[in-house]
> 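Please read through the structure below; I'll follow up with questions.
Side chains are part of it too, since the values below use all heavy atoms of this structure and drop only hydrogens, waters and symmetry mates. Being a predicted model, the structure only gives us computed values, none of them experimental.
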Amino acid sequence: MARLAQTAGLTDIQQEILSTVRDFVDKEIIPVATELEHRDEYPQQIVDGLKELGLFGLMIPEEYGGLGESLLTYALCVEEIARGWMSVSGIINTHFIVAYMLKQHGTQEQKEHFLPRMAAGDVRGAFSMSEPGLGSDVSAITSKAVKDGDEYVLNGQKMWLTNGGTSSLVAVLVRSDEGHPEGTAPHKSMTTFLIEKEPGFGEVRPGLTIPGKIDKMGYKGVDTTELIMDGLRLPADRVLGGATGRGFYQMMDGVEVGRVNVAARGCGVAQRAFELGVQYAQQRHTFGKPIAQHQAIQFKLAEMATKVEAAHAMMVNAARKKDSGERNDLEAGMAKYLASEYCKEVVEDAFRIHGGYGFSKEYEIERLYREAPMLLIGEGTAEIQKMIIGRRLLEEYRFQG
């Protein structure tokens, strides 16, 4: 696209990275995405290409073998990748949330052990908070870690792990009552554990099972799984940061990065939907002229383009706020909420422009129509985002009566 979703103030390095990613998306992802998605096939060749580009180390500091780039650079890359196929951006997102949590909260030993291999793409990350009966209430986690000598024993069931099968490192949030007396607030008795495992399904290490992939409406290709811990033993040095009781805060910090990522994914999918809609509107003729010349279609295109621009601007603002070191839960919540809602609307408008052909699996918009709903749920529903936004606004605009 020549004009929409441009970002001012980028460095030459950022522009070069984005140009490289955009070229990769146009040549290596878009031509094969729909076919792979319909087969629910893991995009191994695409992932290998991203590994060669160094994208798995994009935000990992240079001292650990990464590129040391900003969240903004990462989000703009995700936007480009999601424009090609949203599932591929999901493979990268969970990896980077774990890498970010390690960078921000890990012990020096944990950073040295994991980050260089994560930067190279040899270790792939996944993370897990949710459980089968949990929903949005993280405080209701029942999975538990119990201290046993120099080890912890973990039991419980986790849900909705992106990269659950293909990952080799999973950051898991569980309850850990050790050192936290009865009556302690739930969020102060949670701990993040770093679990190393073999990629694949079934029993991937003693006490840890990854059942098969969950069959989904969309967001195919990437594996989404459960995780079952039954007497899983971990050494104490696999507690993220080396101390229990900090897991909730560590995860929420990572989720802020994830919400910017989901906003970027929404922007990318919406951009692609607009591209498909505006292209089809100029090719399809009714009543003796291209439908793009009908005022009703021009109005729809105008609304779609405006939503793409607005979502992109909010996503960029949220990423820059996080990069500045400031609290960005308000901006990330707004960006995630707006971008996911606008993405759904832009995709539906592009679908309507395609008419009956949009219902055919031969057209790319059919895939986008099934992918967009996931963004309404991932990293917190719209309702959760509005709760976060509302609470933060009341903090900022507290009435001094």
Side-chain angles (χ1 to χ4, degrees), residues 5-18 21 54-64 66-82 89 92-106 111 115 118-119 125 127 240-241 246 248-268 308-340 342 379-380 384-398:
Q6 297 297 299
T7 309
L10 298 181
T11 66
D12 291 342
I13 293 176
Q14 287 175 313
Q15 291 174 352
E16 184 177 346
I17 291 172
L18 287 174
V21 172
L55 283 195
F56 283 99
L58 190 63
M59 278 183 66
I60 295 174
E62 293 181 20
E63 62 186 293
Y64 299 111
L67 298 178
E69 272 296 330
S70 64
L71 177 59
L72 175 62
T73 306
Y74 166 60
L76 294 175
C77 287
V78 166
E79 184 179 38
E80 291 292 343
I81 293 169
S89 64
I92 294 174
N93 178 45
T94 53
H95 175 84
F96 263 104
I97 288 179
V98 178
Y100 174 83
M101 290 167 59
L102 275 162
K103 181 185 73 169
Q104 295 296 106
H105 306 288
K111 294 176 185 179
L115 288 180
M118 294 185 79
F127 79 105
L240 179 61
R246 301 175 181 172
F248 180 82
Y249 303 102
Q250 294 164 346
M251 280 282 181
M252 290 303 104
D253 190 21
V255 166
E256 283 186 13
V257 172
R259 284 177 179 149
V260 174
N261 172 284
V262 172
R265 282 196 253 179
C267 292
V308 168
E309 280 287 277
H312 175 85
M314 291 197 73
M315 179 271 292
V316 168
N317 180 56
R320 283 180 162 149
K321 193 74 177 286
K322 188 75 170 178
D323 282 333
S324 72
E326 297 180 67
R327 180 179 178 180
N328 89 324
D329 53 343
L330 175 64
E331 290 78 10
M334 285 182 167
K336 192 275 176 186
Y337 168 57
L338 191 80
S340 59
Y342 276 180
E379 316 295 22
I384 290 296
Q385 305 312 315
K386 286 189 278 190
M387 284 175 57
I388 293 169
I389 294 165
R391 288 170 181 170
R392 286 287 287 113
L393 289 173
L394 289 173
E395 289 179 21
E396 296 290 335
Y397 291 88
R398 188 177 299 278

> Of the non-hydrogen atoms in Ala339 and Cys267, which two are nearest, and what is the gap between them?
CB-SG, 4.3 Å
> Say whether, by atom type as modelled, one donor and one acceptor occur between the side chain of His95 and the main chain of Phe56 under 3.5 angstrom.
yes
> Around atom CD1 of Ile13, are there more than 12 heavy atoms from other residues, nucleotides or ligands closer than 6.0 Å?
no
> Measuring from atom CE of Met251 to atom CZ of Arg246, what distance do you get when rounded to the nearest 0.5 angstrom?
15.5 Å
> If I take atom CZ from residue Arg320 and atom CE from residue Met315, how far apart are they, to the nearest 0.5 angstrom?
10.0 Å
> Quick check: does any side chain N or O of Glu69 sit under 3.5 Å from a backbone N or O of Met59, one acting as donor and the other as acceptor?
no
> Of the non-hydrogen atoms in Gly258 and Asn93, which two are nearest, and what is the gap between them?
CA-OD1, 4.0 Å
> Let me see the working for Leu76 and Val316 under side-chain contact (heavy atoms from CB on, under 4.5 Å), right down to the final yes or no.
CA-CA 8 Å; Leu76 294 175; Val316 168; 4.2 Å; yes
> For the backbone of Lys103 and the side chain of Lys111, can you confirm whether one donor and one acceptor N or O come within less than 3.5 Å of each other?
yes
> Looking only at heavy atoms, which two atoms of Gly125 and Thr94 are closest? And how far apart?
O-OG1, 3.4 Å
> Which atoms form the tightest heavy-atom contact between Gln14 and Leu72, and what is the distance?
NE2-CD2, 4.3 Å
> I'd like to check the salt bridge (Lys or Arg N to Asp or Glu O under 4.0 Å) partners of Lys321; sequence neighbours left out, ordered by chain and number.
Glu331
> Evaluate the side-chain proximity of Leu18 to Cys77: yes if any heavy-atom separation is below 4.5 Å, no if none is.
yes
> So that I can tick it off, tell me whether Lys322 and Glu256 are bridged by a salt bridge, with the cut-off set at under 4.0 angstrom between side-chain N and carboxylate O.
yes
> Has Gln250 got a side-chain atom pairing as donor or acceptor with Leu240's backbone, closer than 3.5 angstrom?
yes
> Rounded to the nearest 0.5 Å, what separation is found between the CE atom of Met334 and the NZ atom of Lys386?
12.5 Å
> Which value, rounded to the nearest 0.5 Å, describes the distance between Thr11 atom OG1 and Glu16 atom CD?
9.5 Å
> Sequence neighbours left out, what passes salt bridge (Lys or Arg N to Asp or Glu O under 4.0 Å) with Asp329? Give chain and number order.
Arg327, Arg392
> Test side-chain contact (heavy atoms from CB on, under 4.5 Å) on Ile389 and Lys336; report intermediate values, then the result.
CA-CA 11 Å; Ile389 294 165; Lys336 192 275 176 186; over 6 Å; no
> Please work out which of the three classes, parallel, tilted or perpendicular, describes the rings of Tyr74 and Phe96, given edges at 30° and 60°.
tilted
> Check whether Arg259 reaches the backbone of Ala335 with its side chain - one donor and one acceptor, N or O, closer than 3.5 Å.
no
> Could you give the distance from CG (Asp323) to OG1 (Thr73), rounded to the nearest 0.5 Å?
7.5 Å
> I need the minimum non-hydrogen distance between Tyr100 and Gly254, along with the two atoms involved.
CD2-CA, 4.2 Å
> Roughly how far apart are Ile97 CD1 and Leu102 CG, rounded to 0.5 Å?
12.5 Å
> For Ser89 and Val78, work out which heavy atoms get closest and say how close.
CB-CG1, 4.0 Å
